[in-house]
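Here the structure is laid out as structure tokens; the discussion comes afterwards.
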Amino acid sequence: MDKTYQPEQIESRWYERWEADNRFAPSGEGMPYAIMIPPPNVTGSLHMGHAFQDTIMDTLIRWRRMQGHNTLWQVGTDHAGIATQMLVERKIAAEEGKTRFDLGREAFIDRVWEWKQESGGHITRQLRRMGASVDWSRERFTMDDGFYRAVQEVFVRLFEEDLIYRGKRLVNWDPTLHTAISDLEVENRDQQGHFWHFRYPLADGVTTDAGKEYLVVATTRPETLLGDTGVAVNPEDPRYASLVGKFVELPLVGRRIPVVADEHADMEKGSGCVKITPAHDFNDYEVGRRQDLPLINVFTQDAAILARAEAFDIQGRPLPDIDPTLPEAYAGLDRFEARQRIVADMEAAGLLEQVETVSNTLPYGDRSGDVIEPLLTDQWFVAVESLARPAIEAVETGEIQFVPKNYENMYFAWMRDLQDWCISRQLWWGHRIPAWYDNDGNVYVARSEAEAREKHDLPAEVALTQDEDVLDTWFSSGLWTFGTLGWPEQTPELATFHPSSVLVTGFDIIFFWVARMIMLTGKFMGEVPFKQVYVHGLVRDGQGQKMSKSKGNVLDPIDLIDGIDLETLVQKRTGSLMQPQKAQAIEKATRSEFPEGIEPHGTDALRFTFLSQATTGRDIKFDMGRLEGYRNFCNKLWNASRYVLMNAEGEDTGLGSEPVELSLADRWIVSRLQQTESQVTKALEEFRFDHASQALYDFVWNEYCDWYLELSKPVLWDEAASAEAKRGTRRTLVRVLEAILRLAHPMMPFITEEIWQRVAPLAGTRQGEGDSLMVQPWPQADDSRLDESATRDIEWLKGVIVAVRNIRAEMNIAPGKPLEVLLTKGSAEDARRLAANRPFLAKLAKLERVEWLDDPAQAPLSATQLVGEMEVLVPMADLIDKEAELARLAKEIDKQDKLIGGIEKKLGNESFVAKAPAAVVEKERGKLADFEASRRLLVEQRDKIAAL
RNA sequence: AGGACCAUAGCUCAGUUGGUUAGAGCGCCACGUUGACAUCGUGGAGGUCGGCGGUUCAAAUCCGCCUGGUCCUACCA
């Protein structure tokens, strides 16, 4: 083995080997355990969130695989409608100066497929780099033929059950992308805005109770005035009671619109009167429905003002009786321009009463960045009510469990207030809606045009055109758990692996995806899509900032693995920015944060870092320091293995029938191993990856390396040690390491496999050349191997060694200087332990001589430390700096006094003694005795030195 | 406005059902190259557990209020 750990070499090699050996496919034996990967965007690239998520899934899958489960990690990618279409549109625009309309639908879609072929392998390659043990043979893409069949089937069946309908509804419209988007794709941003108070003259000579000839309404959106179809007042409002049923004359337009009573109007706010624009505001739409007001749309699809408005009733039927004329002056104006003109015209007409500056929030499309417009359009919807009920129940009954549990509340809150789901998108890239229209506008929903004709008996002369729209991406991803397993066919995989075991996902897509999967899967499979949902937080940068290209704080997981030099990193972060003016600041920050670029750390270290930071339900501030620390941990494991191999390869490791003797240390480390195995297993069961990684780290570094390897040296290197003892220690070294590798493998697959290949033959666990750590049994703790007496003995030994080290440090004695040590005031047990551990003590504490002193009175002047009741003495003679030592002792005594004081106070409290459990009281008494003993020793020592 | 979550060492975080001398890693200080490892070893400094109040014999832990932060939902006519 090389002297230093070099991850890049071993990682790609092992992944290829595993894949070639078909290690990732289900074994076909054991209990099924399945995870469906949240499908990343096919043309996307791996970001920190993916890397984190993939690490968790892979750890679970590898762990369960080793436990003997029949594991399937289903892999695949998503076509990601809007995102991908926009990307290709931009690319074509940049390269050829053409729009998708120049190309036409078919040619454009061909181009998207081309782009998918070109770039679609990127993210899957990166997934491999992360070590993801997904079953590549089953890779799916949401636009595959098979998956499309599932999508069509679901659409058609839902339609046939009246759970899908088409209608003219108010939807979130993106004026840039020209498509409807869901509520969830809308991002609310705080803004400084204006609040205009307008006078709406009352018609027919009516006046208010206060004698005014107008009502005052306030709005942040004056341009929608053109579409007003009413003014609402609160039914309880005495000021306007007499006006309900009367009319106002809509300024600039001249339309007569009624004053209606509706609870939407808040008496406390403004004048108490609200203008109602049902076609351009979601609340007003509801008021319109309640009050039977017409809907008047005044916007084009670009959100510019129409020349002639479009009037509909609440069912979306045209209302020819309403005069659609709009003032010519505004026709074709963009909404924001129209706003200014309308405000100016109102002011000129003396109808502007007041302008307030207010802060409000505006809806933005999270893809386009444009202000979203509520717009009346024809769309397809899923009626969710009947689907939501069982979906809520599945979580209520615990059939699906969220981890951590508090996300269930978030889920319930959303599910109980669910609006019908708009599933049509005015895009080209996606699953085209399986609906056909004849020339009369009749709609036929079927799996194909042929089926539509057959079902509805339509002769060939009847021309049918397919709906232009495609489905919301989340409609298809909602079928992910069963669609990937071959549904609607009843495949063996579907029978075996559905429901899947656990979904690993970010809280940000609980609504987009998780909820919809539960609903659609419940409907079509009659069961839940997964039994548990592990919800993790967002990966943020070291300062807690969201990573984003525009902030220039993005870390690429691959760069953390392979390293990147500063110049390349700067270029990566500042290249092709939307706001190039930020480049300088980003460059500066990057140069100061990574003056040397980023070192390579390897996949295993990155994975271990993610796991160690995977704490429950909170965001992760990615810590470069920990990444380095865990890279060092890999190195530690590497070097410990080198030591073991150096001492075991070519030697007798106790596999044969020769007698074997286990030392105290051997028994101790085996005992501690059992505990570690329990801890790691328990932590994984609870999704506490931080605990699992911590337990492993502790055991490997602080016990196996720091103590056990050191304790093995006296046995292996001492000529006097017996062959049986050497065999026992070698065997323990090798077997414990082999168990460590199995325990660590799900978290750090590469380094463990590499080492295991060398170590396993010595432990007798490798079957042959082709064997892999991936399929070794998961370590199971054997409680019969817990050894408390060995543990106590080793703790004693560690205590004495640490005591001597302490004395060295305090007395400024060179670490290498051989010392003489006396032990005194101990029990027979202490004496026995000394006898049993003499060589270990000598080696680890660098002692020349260690003697038992029966009579404490004969102790020479010494530096002392306490181990239990026993004193550890290092005779100091004239080496002591009197003043310094007295000061140190005084400080120590003071510390003990405080501890003693605290406990005495406690024990002096009658209620404590009376009410606290006896065990607690006993424990306090024991502590008191300890502290007092320490104090006595310190005082004795002080007096001795003071007397010098 | 309502709700959720968070606040522990300079930094990133652990701390199961209340009883610990409050922990880890990184960073910091001192010392150290003998053959696993300087990507290391040994020792150390550093915290009134955000603030106030309450429950309790006992609170980092339970309850209330406050402050600060993150996020979600709603509103913003």
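All chains are named by letter (A, B, ...) in the order of the sequence lines, taking the proteins before the strands, and each is independently numbered beginning at 1.
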Can you name the atoms? Protein N/O to nucleotides 56-58 of chain B N/O, anything below 3.5 Å, with the distance.
from, atom 1, to, atom 2, distance (Å)
B/C57, OP1, A/Lys915, NZ, 2.3
B/C57, O2', A/Asn909, ND2, 3.1

Can you check nucleotides 28-33 of chain B for protein contacts, nitrogen or oxygen pairs under 3.5 Å, and list what you find?
none

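Each of B/G43, B/G25, B/G41 was ranked by its minimum atom distance to the side chain of A/Trp701; first place goes to B/G41. Side-chain proximity of A/Arg688 to the nucleotides B/C40, B/G44, B/G15 is greatest for B/G15. Proximity note for A/Asn806 (side chain, C-beta onward) versus B/G43, B/C13, B/U39: the nearest is B/G43. With distances taken from any side-chain atom of A/Lys682 to the nucleotides B/U20, B/U16, B/U12, the minimum falls on B/U16. The side chain of A/Lys923 sits closest to B/U20 out of B/U20, B/U39, B/U12. The nucleotide whose nearest atom lies closest to any side-chain atom of A/Asn283 is, among B/A36, B/C76, B/C40, B/C76.
Evaluation of atom-type donor-acceptor distances gives a pair under 3.5 Å for the side chain of A/Lys846 against the base of B/U34.
Between A/Tyr411 atom OH and B/G3 atom C1' there is a gap of 19 Å when expressed in whole angstrom units. Rounded to whole angstrom, the span from the CD atom of A/Glu685 across to the P atom of B/U16 amounts to 19 Å. Across the protein-nucleic acid pair, A/Leu538 atom CG and B/A4 atom P stand 21 Å apart, rounded to whole Å. The distance from atom CZ of A/Phe622 to atom C1' of B/G25 is 14 Å, rounded to the nearest whole Å. For the pair A/Asp2 CG and B/U39 P, the computed distance is 16 Å after rounding to whole Å.
A salt bridge links A/Lys713 with A/Glu710: the closest approach of a Lys/Arg side-chain nitrogen to an acidic carboxylate oxygen falls below 4.0 angstrom. At a threshold of 4.0 Å, the pair A/Glu924-A/Lys927 counts as salt-bridged, since one of the basic side-chain nitrogens sits closer than that to a carboxylate oxygen. A salt bridge is defined here as a Lys NZ or Arg NE, NH1 or NH2 lying under 4.0 Å from an Asp or Glu carboxylate O, and A/Glu703 with A/Lys798 meets this definition.
Going from the P atom of B/A24 to that of B/A9 covers 14 Å, rounded to whole Å. Spacing between B/G50 and B/G41 at atom P, rounded to whole Å, works out to 32 Å. Rounded to a whole angstrom, the distance from the P atom of B/C28 to that of B/G18 is 40 Å. A distance of about 10 Å separates the C1' atoms of B/U8 and B/G23, rounded to the whole Å.
With a 3.5 Å limit on both pairing distances and Watson-Crick or G-U wobble geometry required, the stems of 3 or more pairs in RNA chain B span B:1-7 with B:67-73, B:10-13 with B:23-26, B:28-32 with B:40-44, B:50-54 with B:62-66.
Comparing A/Glu924 and A/Tyr643 by the nucleotide of RNA chain B whose heavy atom lies nearest to each, the residue mapping closer to the 5' end is A/Glu924. Comparing A/His264 and A/Tyr630 by the nucleotide of RNA chain B that holds the closest heavy atom to each, the one mapping nearer the 5' end is A/Tyr630.
Within the 4.0 angstrom heavy-atom criterion, only backbone atoms of the sugar-phosphate kind lie near A/Arg805; the bases stay farther away.
At least one side-chain heavy atom of A/Phe610 sits under 4.5 Å from a side-chain heavy atom of A/Met48.
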